[in-house]
Amino acid sequence: MLTCDEATQLIRSSHHAVLGAVGGARMREHLEQCSSCRRDAQTQRLIRDLLVRRPAEALPSGFEVRLAARLDAERGLDWLGLINWRTWSIRLLPAAAIILAFVIGFGRWQYAEPQLTESLSRMLADGNVADALLDSGADGEALMLQELFLGRVSQANRRSTR
Amino acid sequence: MDDERTLAAEAAAGSRDAFDELVKRHQLRIYRLVRVLTSGDEDAEDLAQETFVRAFRGIARFRGDSAFGTWLHRIAINVIKSHLSRRRRRPVMVGPRADDATEGVIEGLASADDFELAVHRRQAIDHAFATLPEDQRALIVLRDVQGLEYHEIATIMGLPLGTVESRIFRARQRLRPLLEHLWVRVSCD
């Protein structure tokens with residue numbers, strides 16, 4: 001038969017552990033014999049049943065609305081995290097890298113050194129500005145004019161185009 | 001539970017709707033816990049809301065090691081402990097409130113008599129809770145009012161399982177003489 005200490009230990013834990021068939025039988029046997037342990041077991045059961053049936057409160061009127069407002073305020077404050085420079089820089093680093101790469105690439109395309117064709121370059125070098133202009137086409141003309149403007153063509157060649 | 005685990009993961013990932021749904025599911029339980037453990041303190045609503053505000057601030061750190069409800073209860077217990085600590089330092093007597101205006105509406109009652117009976121029963125239980133040492137009170141409320149499992153309570157309170165079991169055992173022993181008259185009445189209902 002169980003001792004009172006063993007029975008008390010089981011009573012303490014029996015509400016969350018299932019006694020096996022043997023354990024249950026031994027407990028019943030002890031409780032039949034021991035009024036003190038029987039009272040303890042009854043107390044545990046009685047108080048638990050009472051408390052489980054404690055009439056529950058409802059939420060106070062307006063609780064949900066006030067809580068939602070408070071959480072919205074927190075979410076609003078969360079935007080202040082954006083001015084946290086660490087958060088800001090870490091979050092935007094990938095985007096910044098992409099933008100930078102784009103700007104560099106676009107800039108190179110926009111401000112690319114005008115590239116004359118080999119034949120036009122040769123004509124200019126030989127002083128045949130007029131022929132070079134005729135051969136260059138509309139785009140080439142613009143480049144040619146730029147070359148002239150930049151003074152890359154000799155004074156003698158410019159005179160020859162007039 | 002799996003559904004709640006999914007919601008908690010989504011909330012941790014930043015989903016506002018998921019967090020709001022979790023709030024909706026737990027707000028009554030948390031409010032009830034705060035009310036009981038602060039003996040119906042007028043700050044109960046504020047403390048319950050504070051629990052959810054702290055949960056919102058910390059949700060990104062929630063890893064799902066425990067159930068969301070367990071995590072939330074831990075936050076609530078910390079909020080309550082801080083409040084009770086501040087209250088002890090204030091030279092003001094605070095105890096269970098008796099007037100209906102601040103009692104909080106009890107749900108699902110058919111008549112005024114039922115309401116009166118329910119209020120009386122709840123007041124008796126809450127007065128009895130107030131006589132318990134703080135460590136026993138929190139544990140028995142978490143177990144018998146909130147319905148949490150022993151291992152969850154052990155996690156929330158940071159106590160060994162055996163300690164939880166023995167304190168709840170002793171708390172119920174202490175409550176018997178204060179509450180057994182209610183049991184007779186309840187058993188006749």
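Chain letters run A, B, ... following the sequence lines, proteins first and then strands; every chain starts at 1.
- Heavy atoms closer than 4.5 Å to chain B are found nowhere in A:Asp49, neither backbone nor side chain.
- When the candidates B:Ile168, B:Asp46, B:Val164, B:Ile140 are compared by the number of heavy-atom contacts under 4.5 Å with chain A, B:Asp46 comes out ahead.
- Salt-bridge check for B:Asp144 with A:Arg54: failed, with every basic side-chain N at 4.0 Å or more from each acidic carboxylate O.
- Between B:Glu152 and B:Thr70, the side chains place a donor N or O and an acceptor N or O closer than 3.5 Å (distance only, hydrogens not considered).
- For chain A, the nearby parts of B:Leu175 are the backbone and the side chain; heavy atoms of each come within less than 4.5 Å.
- Comment: B:Arg74 does not engage B:Asp65 in a salt bridge, judged by the lack of any side-chain N to carboxylate O separation of less than 4.0 angstrom.
- Neither the backbone nor the side chain of B:Val141 comes within contact range of chain A, judged by heavy atoms closer than 4.5 Å.
- One finds the NZ atom of B:Lys81 at 14.0 Å from the CZ atom of B:Arg86 (value rounded to the nearest 0.5 Å).
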